[in-house]
Amino acid sequence: MQVITTVREMVDERSKYAGSQRVGFVATMGYLHKGHLSLVRQGRKENEILMVSIFVNPAQFGPHEDLGSYPHDLPHDLHMLEALDVDIVFTPTPEEIYPPGFVTYVEPAGPLATEAEGASRPGHFRGVATVVLKLFQIVQPHQAYFGQKDAQQVAVISRMVTDLNLPVKLRILSTIREADGLAMSSRNAYLDAEERTAAIVLYRALQAGRMAFEAHTEEEPPAVVKAMTGTVLAEPRAHLDYAQVRDPHSFMPLEELRAPALLLIAAKVGPARLIDNFLLRADGSWDTGIHVTEH
Ligand code: AMP
């Protein structure tokens, strides 16, 4: 496995691969867990060459967010990626990605970028879209792997790939969960033991929302939101940011309960701001994630 830190070296390395070799790519911010590793495993199966980036992207953090304290353990990350037979790890510095004079950003517009996470984190998706486009340009992957855990990120990147005619196939994989249902996240490292127990409330709220969805009362979407909200309010350590039902592609609020739909939740538990979702696919089946059982 090669570890590359500069854009120049990465572009040089990429140019060595023949057109017939399929290149897969997983973009991460490091502090890897089993959610990231499921993307890496799938990418390994489906490509001749597999590249992974580890880059905590300053452009997607707000001024009062956790950029300065975001967890990191590069030696451990590299050890895990080596064990999964990754070919190249790209770990640029912020100055490599945003050199002096950098002014060009990708700005997703409309509800997709300004509602839900976009409302709570202004400018977040501009930072995400910009870095992902830059990484796609540098790595030039045939296939790129993203987690359904970040449902709005998936929608923004899918839209960008369509809108800008990017020659990459997106592969979206289910959310990997702890045995008790908590979605894996690097930010779970911020939780102490009691907060960790309380954090299950996001998953419970989604389960309650799904039950209300399936019960189909006349109140329709408000009943689902009420079920999710009520569950979170019962946990004093959790502070709800939003509980919503939206279209998974446009991110417009749903007027009526129909498939496809996304149940979305965001809450603060102690110092950690956590997000989670259940996806009701167009065919009526649910993607509620995959529980990890083995440890
Ligand atoms: P991050 O390091 O948080 O930027 O995440 C890198 C990639 O891993 C993104 O595509 C995430 O959606 C994905 N990811 C993060 N957590 C999970 C999870 N629990 N299950 C599946 N994918 C995940």
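Source: prediction; values computed, not measured. Values reported hereafter were calculated over all heavy atoms of this structure, with side chains retained and with hydrogens, waters and symmetry mates removed.
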Within the 4.5 Å heavy-atom criterion, are [X] and [Y] side-chain neighbours or not?
X	Y	answer
Met211	Gln207	no
Met160	Pro108	no
Phe125	Leu112	no
Ile4	Glu13	yes
Leu191	Val269	yes
Ile265	Phe278	no
Val3	Leu78	yes
Met228	Gln244	no

side-chain contact (heavy atoms from CB on, under 4.5 Å) against [X], all qualifying residues, sequence neighbours excluded:
X	answer
Thr114	none
Ser186	Tyr31, His33, His36, Tyr70, Pro71
Asn57	Phe55, Ala59, Gln60, Tyr98, Val131
Leu233	Thr229

Would you say that more than 12 heavy atoms from the other residues, nucleotides or ligands in this model lie under 6.0 Å from the [atom1] of [X], or not?
X	atom1	answer
His291	NE2	yes
Met1	CE	yes
Arg204	CZ	no

Distance, nearest 0.5 Å, that separates [atom1] of [X] from [atom2] of [Y]:
X	Y	atom1	atom2	result
Thr175	Ile290	OG1	CD1	8.5 Å
Leu254	Phe213	CG	CZ	6.5 Å
Glu178	Lys34	CD	NZ	7.0 Å
Met252	His249	CE	NE2	14.5 Å
Ile97	Ser53	CD1	OG	8.5 Å
Arg187	Ser69	CZ	OG	8.5 Å

Would you say [X]'s side chain and [Y]'s backbone share a donor-acceptor pair under 3.5 angstrom?
X	Y	value
Lys169	Ala144	no
Arg22	Asn47	no
Asp73	His76	yes
Ser120	Glu117	no
Thr130	Val106	yes
Arg258	Pro260	yes

**OP:** Applying side chain to side chain donor-acceptor pair (under 3.5 Å) between Glu65 and each of Arg121, Arg273, His124, report the one that passes.
**Re:** Arg121
Shared hydrophobic cluster, [X] / [Y] (ILVMFWY, side-chain heavy atoms < 4.5 Å):
X	Y	value
Leu39	Val154	no
Ile275	Ile200	no
Tyr105	Leu67	no
Val225	Leu280	yes
Ile157	Val139	yes

Grab the two heavy atoms, one from [X] and one from [Y], that are nearest each other, plus how far apart they are.
X	Y	answer
Gln152	Ala116	OE1-CB, 3.4 Å
Ser250	Asp247	N-OD1, 2.8 Å
Val156	Ala129	CG1-CB, 4.4 Å
Ala227	Thr231	O-OG1, 2.7 Å
Ala151	Leu264	CB-CD2, 4.4 Å
Gly289	Ser174	CA-CB, 4.3 Å

Subject >> Option from Thr28, Ile54, Leu74 for which side-chain contact (heavy atoms from CB on, under 4.5 Å) with Val89 holds >> reply: Ile54
Donor + acceptor pair across side chains of [X], [Y] (<3.5 Å):
X	Y	answer
Glu46	Tyr145	yes
Thr93	Glu96	no
Gln148	Asp287	no

Original post:
With a 4.0 Å cut-off, would you call Lys268 and Asp241 a salt bridge?
Top reply: no
Subject >> Pairing of Glu195 and Arg237 as salt bridge, 4.0 angstrom limit >> reply: no
Original post:
Does any pair with a residue in residues 74-90 pass salt bridge (charged side-chain N to carboxylate O under 4.0 Å, His left out), and if so which ones, sequence neighbours excluded?
Top reply: Arg44-Asp87
Original post:
Is there a side chain to side chain contact (heavy atoms under 4.5 Å, CB included) between Phe90 and Val52 once you walk through the steps?
Top reply: CA-CA 6 Å; Phe90 181 44; Val52 175; over 6 Å; no
**OP:** May I have the step-by-step check of salt bridge (charged side-chain N to carboxylate O under 4.0 Å, His left out) for Arg177 and Asp276, ending in yes or no?
**Re:** CA-CA 10 Å; Arg177 304 183 176 283; Asp276 201 349; 2.8 Å; yes
**OP:** Please test Val161 against Leu170 for side chain to side chain contact (heavy atoms under 4.5 Å, CB included), starting from the C-alpha separation and ending with a verdict.
**Re:** CA-CA 9 Å; Val161 165; Leu170 298 182; 4.0 Å; yes
**OP:** In sequence, state the C-alpha distance, the side-chain angles, and the governing distance for Glu115 and Tyr242, and then conclude on side chain to side chain contact (heavy atoms under 4.5 Å, CB included).
**Re:** CA-CA 11 Å; Glu115 301 215 351; Tyr242 59 78; over 6 Å; no
**OP:** Would you check, one step at a time, whether the test side chain to side chain contact (heavy atoms under 4.5 Å, CB included) holds for Phe25 with Val168?
**Re:** CA-CA 10 Å; Phe25 176 54; Val168 59; over 6 Å; no
Subject >> By side-chain hydrogen bond (donor to acceptor under 3.5 Å, both in side chains) - contacts of Asp180 (at least two apart) >> reply: Arg196
